[in-house]
Amino acid sequence: MEKTTGQTLENYKIEPFTLTHDILVNWWVIILGALAAAMLAFIVANVRYVPEYTTSTTFVVSNRNTTASYSSLGSANTIATSFQKVVESTAMQDILCEKLGVDEINADIQAEIAGETNLLELTVTAGSPQESFDIMEGILDNYSSIALYTVGDIVLNILQDPNIPFTADNPLYAGDLMKKAFLIAGAVLIFLFGLLSVMRDTLKTEEDITDKLDARSLGAISYEMKYKSVRELLRHKKKGLLINDPLAGFGFVESCRKFSSKVEYRMEKEGWKTLAVTSVSENEGKSTVAANLAVSLAEKDYRVVLIDGDLRRPSQFLIFGLHPNEDNEIGEFLKRERKHFNLLMKTSVPKLYVIGGRNCYSSSTDILQGDMAGKFLQRCKESADYIIVDTPPTAVLGDAELWGQCADAVLFVERQNFIYAEDINTMIDKFRAQQTRVLGVVLNGVQSFGSVVSSTVGRYSSRYGGYGNYGKRHKESEQ
């Protein structure tokens with residue numbers, strides 16, 4: 001029955017490790033986005049910022065005919081109201097406009113009584129210190145002539161002279177605003193990347209193989225660090241991740257052996273001897289999985305032949321540390337341009353032999369088009385218990401399909417959280433349409449917070465079509 005890979009609400013499962021990984025791998029986007037938000041907030045705040053400067057003076061309210069101060073709060077409030085009308089009057093506004101040389105006074109002028117006293121406080125708030133001070137001076141110079149007709153016998157004596165304000169009443173705290181914008185933008189980006197991770201229809205756990213793919217699950221292989229020391233990392237030396245390496249992690253080795261046992265059981269049950277190992281894309285570790293499958297079977301006393309069927313990008317000689325010569329080149333053998341070959345290369349594992357080479361062939365598909373590959377696998381069956389063929393990715397070349405038609409079954413190696421389930425199902429259906437049996441799918445490079453082991457499998461190009469670089473490192477043999 002064909003699986004439906006379309007995501008529904010029930011399919012959205014949160015896997016903590018892949019969720020965290022997808023967020024952390026985009027750390028630079030999150031940082032840059034948060035910084036951009038902080039800079040934008042700073043710019044907007046500065047553009048919209050309008051400073052306010054306040055100049056103030058204090059009057060003592062008294063009667064023109066006596067020296068007694070007004071102590072009544074009601075009387076003082078009456079004076080404040082009257083004085084407010086004075087400074088807001090048309091006459092005062094005209095005087096101030098003439099003094100400042102403007103058409104309109106844009107300032108906030110307030111007159112208030114200080115508590116229950118006879119002290120009247122006059123404040124002028126404007127957009128600049130000089131403007132605020134000039135308006136205050138204009139009021140002080142002219143209020144007496146206007147107030148004479150409004151406040152009668154009331155006398156206002158200046159108690160405190162005004163000063164030019166040097167500090168804004170509303171300073172711009174851009175630093176705090178930028179911090180808030182940075183944190184908010186960072187949180188939003190983290191949420192968005194987390195949401196995209198959850199909605200991404202990839203294989204995050206072994207259970208996803210059964211839930212999303214139309215194929216049998218053959219288990220999961222744990223992640224393993226490729227380089228075991230800082231020296232190896234700095235040298236970037238190419239090496240294989242084999243389970244017989246004493247430094248290999250326990251989780252990686254055990255998951256490989258468990259996977260190998262499942263493959264052995266299925267192939268023995270079906271009576272199959274040849275298995276083509278492929279993946280949808282590059283950088284999924286199918287060559288390392290094929291090598292470890294061969295090693296595991298050979299350690300069970302089977303006679304195993306591992307064929308490097310990736311003629312454009314051979315890698316098994318690097319994984320096993322072999323040094324093939326022209327007599328070992330499988331590409332030359334399949335082209336049938338020579339008669340004498342010594343294809344079998346011994347490895348350090350008893351009963352395990354590698355057939356491959358190191359030359360790169362850009363015309364690999366043409367080489368495999370004939371019937372030579374099928375006849376070759378039939379001959380290998382006569383002298384081996386199992387034949388494992390390491391093939392190129394299916395999304396790049398048709399070589400894997402040609403090898404699959406010659407083999408008994410095909411195994412798909414898919415990296416955790418890498419390829420969309422829909423793409424994997426498309427390739428599986430493509431093989432089945434050509435009457436090729438699919439053994440199943442194994443999830444590779446699996447990591448989780450429950451069991452984080454140091455393992456990695458193959459670091460090749462992460463994009464489809466990287467096979468365009470084939471032949472740059474090795475001289476192509478087209479004799």
Side-chain angles (χ1 to χ4, degrees), residues 1-15 18 197-222 255-256 258-287 289-290 293 309 388-446 448 457 464:
M1 181 180 296
E2 184 178 355
K3 290 287 176 99
T4 301
T5 57
Q7 285 282 63
T8 63
L9 292 177
E10 297 179 354
N11 297 133
Y12 294 139
K13 299 177 182 177
I14 298 178
E15 205 292 310
T18 57
S197 176
V198 173
M199 297 178 64
R200 193 179 181 198
D201 190 20
T202 56
L203 304 181
K204 299 181 177 67
T205 62
E206 182 182 348
E207 290 74 19
D208 286 343
I209 299 177
T210 304
D211 296 339
K212 299 180 180 181
L213 301 184
D214 187 18
R216 179 183 292 106
S217 172
L218 293 175
I221 299 177
S222 298
S255 60
C256 285
K258 185 177 179 180
F259 152 70
S260 175
S261 297
K262 291 182 178 180
V263 172
E264 177 190 0
Y265 171 77
R266 295 300 309 176
M267 293 190 69
E268 184 177 356
K269 181 179 179 181
E270 301 292 342
W272 297 337
K273 297 184 66 175
T274 58
L275 178 66
V277 180
T278 188
S279 60
V280 172
S281 174
E282 300 173 83
N283 197 29
E284 298 201 67
K286 49 92 184 169
S287 295
V289 171
L293 175 60
I388 309 298
V389 185
D390 176 22
T391 71
T394 60
V396 181
L397 294 172
D399 293 17
E401 299 171 39
L402 297 174
W403 281 113
Q405 293 172 8
C406 301
D408 293 325
V410 174
L411 167 69
F412 276 82
V413 178
E414 301 304 333
R415 179 178 162 189
Q416 182 188 33
N417 196 31
F418 193 65
I419 300 296
Y420 288 106
E422 182 179 1
D423 296 335
I424 302 173
N425 272 330
T426 299
M427 289 301 172
I428 291 175
D429 293 340
K430 187 176 181 180
F431 273 79
R432 286 176 174 158
Q434 299 172 356
Q435 306 303 315
T436 301
R437 292 179 287 263
V438 177
L439 180 67
V441 177
V442 60
L443 190 61
N444 194 26
V446 177
S448 65
V457 277
Y464 289 10

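Across all their heavy atoms, A220 and V446 have their closest contact at CB-CG2, 3.7 Å. Across every non-hydrogen atom of A400 and T391, the tightest pair is CB-OG1, 3.5 Å. Contact record, E284 with F418: CG-CD2, 3.7 Å, taken as the closest heavy-atom pair. Between K212 and T202, the shortest heavy-atom contact is NZ-O, 2.9 Å.
W403 places a side-chain N or O within 3.5 Å of a backbone atom of G309 that can act as its donor or acceptor partner. At distances below 3.5 Å, not a single donor-acceptor pair connects side-chain atoms of R415 with backbone N or O atoms of G445. At least one donor-acceptor pair under 3.5 Å links the side chain of T278 to the backbone N or O of P392. The main-chain N or O of E422 is found under 3.5 Å from a side-chain atom of T426 such that the two form a donor-acceptor pair. When atom types are taken as modelled, the side chain of D214 and the backbone of N425 share no donor-acceptor pair closer than 3.5 angstrom.
In this structure K262 satisfies the side-chain contact (heavy atoms from CB on, under 4.5 Å) test together with E206, L218, K258, sequence neighbours excluded. In this structure R437 satisfies the side-chain contact (heavy atoms from CB on, under 4.5 Å) test together with W272, D408, A409, sequence neighbours excluded. Partners of S260 by side chain to side chain donor-acceptor pair (under 3.5 Å), not counting sequence neighbours, listed by chain and number: S296. Annotation: side chain to side chain donor-acceptor pair (under 3.5 Å) contacts of D208 (sequence neighbours excluded): none. Shown here are the side chain to side chain donor-acceptor pair (under 3.5 Å) partners of T394, two or more places apart in sequence or in another chain: there are none. Checked against side chain to side chain donor-acceptor pair (under 3.5 Å), E401 has the following partners two or more places apart in sequence or in another chain: K430, Q434. Remark: E270 engages R266 in a salt bridge (charged side-chain N to carboxylate O under 4.0 Å, His left out) (not counting sequence neighbours). Every residue meeting the salt bridge (charged side-chain N to carboxylate O under 4.0 Å, His left out) condition with E264, not counting sequence neighbours, appears here in chain and number order: K300. In this structure T18 satisfies the side-chain contact (heavy atoms from CB on, under 4.5 Å) test together with E15, K204, Q416, N417, sequence neighbours excluded.
By the 4.5 Å heavy-atom criterion applied to side chains, D390 and S287 are counted as neighbours. Residues V277 and V413 meet the side-chain proximity criterion, which asks for heavy atoms closer than 4.5 Å.
Remark: E414 CD to N444 CG distance equals 9.5 Å, nearest 0.5 Å.
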Practice problem: Apply side-chain contact (heavy atoms from CB on, under 4.5 Å) to the pair L203 and I424, showing each step before the final yes or no. | Solution: CA-CA 10 Å; L203 304 181; I424 302 173; 3.6 Å; yes
